[in-house]
Amino acid sequence: MADANITSEKWILDADLEGQKEEQVRRKKGWPSTFALAYSAVGVVYGDVGTSPLYVFSSTFTTGTPTETDVLGAMSIIFWTITLIVVVKYMLIVLLADDNGEGGTFALYSLICRFAGMRPATSGVPDASDVTLSRYSRHTGDKGTTSLSSRISFRLKQYLATTAGAQASLLCLVLLMTSMVLGDGVLTPAQSVLGAIYGLQVKTSVSQGGIVGISCGIVILLFMVQRFGTGRIGFCFAPIVLIFFLCNLIIAITNISRYKPDIFKALSPHYAYYYFRDNHHLGWVQCSGLFLAVTGTEATYADLGHFSRPAIRISFLVICYPVLIVTYLGQAAWLTAYPDQVSSTFYASIPYGDGFFWFVFVFATGAACVASQAMISAAFSIVKQSIALGCFPQLSVQHVSDKVLGSVYIPEVNYIMMVLTVVVIAIFKTTVQLGNAYGVAVSSMMFGTTVLIYVVMLMIWETNFFLATAFLISFGFIDMVYTTANLNKVPHGGWFALAIAGAVFSLSYLWWWGTDIKHKRMLATQMKMQDLLGTNLIYKSKKDDASSPDDSVDEPLTGPGPCSNSPIAEDDNGISSPKLVAGNGAAPANGPHDQLVLASTGQPLLRIPAVGIMFADTLYGAPTILPELVNRWGVVHKVLIILTIRQVAVSTVSESERLLFRKLRYPGIYRCVARYGYRDRVHMDNKFVIKLLDKVNEVDPSVAHVVQQANMVNTSYIVSFIKLFAKQDIVGMKGALRRFFLQDVYSNMGRFVRHSYQDWCIPHGSLFEVGVALNV
């Protein structure tokens, strides 16, 4: 295997960019920024949880009239569910498992993969160049330690890193969990908005169709404003939620003082015991309605990248948690006096006449829009992370904040969710029917999160085995109670969320499967540069006398700074040597006999008097399209720059730090990495070409005359797209299915996704797209 120290030199100049990212994280952690983010979090993260009082009691007691004991028992379950799941599990434990500030299932999966020493979404170990990055911090464990926790951690890492079945199972679990969030994410806006708009029927005679139409209009407007960014939306929505919370406090305090001042006794857990003792099977079924009090909790973790851990905790523990508990207590107090009006608990319990009712209605409707925002933001975060890991087709991910690293907007996801949400409202029409569809997927995902956190506890945090197992058993039991209760909803509407989750899972898995096959085949068939090209004047060092292990360790790339004008030669592994050896005696490095030839035949290649920029995905070996050009047409550009575009996790990269550049040992061929921050625009205009040519002059002054001439002609941008063909020698049903999914499904999916270079402003007249057939 290649020397890791040599490999890591390619990326060592990224340390300055990683420092920029650290500075962004530090700015995000400052107290002024934390309080500002906490304020926005109220308007984005906790809208779903905060508006649950609109429909929890009405969705729980759907048959019959509840007794006072039933109301007290339901209140006790709600209190302990919020306390245990949201406060203890998520606020105190799950939020600790962030991946460099990012949250969500894919961030958790990436964290596990990194510490286990395996590549996310694929097999094998990570590149040495990745491990040396400052953000790639991981504890490798100690095989010889006597600590039980350390030994368990080491063995678990070893098992995940070496067992293909465990890696595939882990990936499938993660894909299924994220698909479920997207499934319930479609239902959240429908349930929240319908729950608010139904207040019109309490005071007016508006028809069912009118309720549905108004709800659809509000949902469409909500999705249309997503492009302005989470931060801007949060600052607009936070006042709405805060006023809504204040209204809930006024209503709750009034109802508690009027109807049952001793309602606080319902916080005792023995009332929850009485509830299950008296209702038996019905009490378990009704847990599916009580679970709606914590739907949207997963968004607190998924939206972590949009905010920060302190901001998320402050906004919930200081504002949302106490307000929610008092609100539910007020509704429970009112229900003990008017149990027959349980179907309209929220609006029927509003005191102080029509004026206050309509005031609350307006802000309840606004808060319902905020409730939708939590899951929409979570969906954007999840899809972005999925794309980064190669588990979702390439989409246009737009970063909408310089301050918040994970704040993104994905137009395709936004509009698909909008259409599906409108369809859901049109199909189900009422909150009661939507309640049957709501919560099935989220409860299952919460159980999956419990399992993954258990793995993190054992493998990364090295928590005491018995404490970690106690966490799994206790919270796993709570999650399974709600999950099994929600399964009763499947025939009555829960199938819709599962259908969406199943479709998203199938799409994600199929894309990962096809992409994994394509990349493995590309690497297996990728030619080494020395097997494709040669010169009649070669550079030789002591390293050339020994057989090179592989071509995976390429030449190091230089960053900003002066370059030596002395002819320094390098072999394929980036080892510098001033020694030059000609084919028939010593000759000048750039003499008249310096010519590019085909390595296989020795035939000279025709050099086109122009600049060619050839895009490549890797930093080693020949780009996929290069063998096609030289073998079919026998031509290469006079100046050929093999360019890799690299997105770096900082907001912007200064022009002086943009390019990493290196001259290869083949005349007129160079390798370059162009680094862009997530707010930078990749723009392949004439200015960019001039900068590339300036770099050519710096590393290879002997071709200055060529560069000067190249400035006068058009630049060619060469990109490739790959068409997969399944091998015909696989017969039977297995071969037919493989051909169908690769050629008919996966390849056609690739026709509809967006190629990244389409956003790079490449002149259409200079773009050459070359298809490459790949048999897999």
Side-chain angles (χ1 to χ4, degrees), residues 48 51-52 54-56 58-60 62 105 175-198 208-209 211-213 215-216 218-220 222-223 285-299 302 368 371-376 378-379 382-383 412-448 479 482-509:
D48 193 2
T51 55
S52 293
L54 288 170
Y55 46 77
V56 168
S58 60
S59 297
T60 301
T62 56
T105 304
L175 291 179
L176 188 60
M177 290 170 60
T178 53
S179 300
M180 287 179 174
V181 167
L182 294 177
D184 255 15
V186 171
L187 296 175
T188 299
Q191 176 76 352
S192 300
V193 173
L194 267 179
I197 299 302
Y198 255 92
Q208 181 70 42
I211 295 291
V212 171
S215 299
C216 290
I218 292 175
V219 164
I220 292 174
L222 174 67
F223 280 99
V285 172
Q286 289 177 339
C287 282
S288 62
L290 297 173
F291 177 74
L292 298 181
V294 293
T295 52
T297 302
E298 194 69 31
S372 308
Q373 184 62 48
M375 292 306 298
I376 294 172
I382 288 171
V383 173
E412 295 89 343
V413 174
N414 184 67
Y415 293 123
I416 290 175
M417 290 183 65
M418 180 183 72
V419 171
L420 290 177
T421 302
V422 171
V423 170
V424 165
I425 294 175
I427 291 176
F428 291 96
K429 294 183 174 63
T430 67
T431 55
V432 174
Q433 294 182 17
L434 262 176
N436 290 329
Y438 196 39
V440 177
V442 167
S443 59
S444 303
M445 183 178 180
M446 285 186 175
F447 177 75
D479 293 335
Y482 284 118
T483 299
T484 53
N486 278 308
L487 289 177
N488 289 285
K489 296 180 176 181
V490 173
H492 308 290
W495 58 267
F496 188 88
L498 294 180
I500 296 177
V504 174
F505 173 78
S506 300
L507 172 67
S508 301
Y509 185 82

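Quick note: residue numbers are just sequence positions, from 1.
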Smallest heavy-atom separation, Ser179 atom then Ala501 atom, equals CB-O, 3.2 Å
d(Ser444 OG, Asn486 CG) to nearest 0.5 Å is 7.5 Å
Smallest heavy-atom separation, Ser59 atom then Gln191 atom, equals OG-NE2, 4.2 Å
To the nearest 0.5 Å, atom CE of Met445 lies from atom CG of Leu176 at 10.0 Å
TODO: Without swapping roles, check the side chain of Ser508 against the backbone of Phe505 for a donor-acceptor pair under 3.5 Å.
DONE: no
Worksheet item: Below 4.5 Å, heavy atoms only, C-beta onward: do Tyr198 and Gln208 meet side chain to side chain?
Response: yes
In terms of heavy-atom contacts, Ser443 and Thr483 come closest through O-OG1, 3.1 Å
Residues Ala426 and Val212: closest non-hydrogen pair is CA-CG1, 4.2 Å
Looking only at heavy atoms, the pair that brings Ile425 and Ala190 closest together is CG1-CB, 3.5 Å
Rounded to the nearest 0.5 angstrom, the CE-OG1 distance for Met417 and Thr188 is 7.5 Å
Parallel, tilted or perpendicular: rings of Phe496 and Phe428 (30°, 60°): perpendicular
Output for pair (Phe447 CZ, Met177 CE), nearest 0.5 Å, gives 10.0 Å
Compile the donor-acceptor pairs under 3.5 Å between side chains in residues 289-298 and protein atoms, sequence neighbours left out, one pair per line.
unit_1	atom_1	unit_2	atom_2	d
Thr295	OG1	Leu292	O	3.0
Thr297	OG1	Val294	O	2.5
Glu298	OE1	Tyr90	OH	2.4
Glu298	OE2	Thr449	OG1	3.2

Residues Val422 and Cys216: closest non-hydrogen pair is CG1-SG, 3.9 Å
Rounded to the nearest 0.5 Å, the OG1 atom of Thr421 sits from the CD1 atom of Ile218 at a distance of 13.5 Å
Taken to the nearest 0.5 Å, the spacing of Trp495 CH2 from Ile500 CD1 works out to 9.0 Å
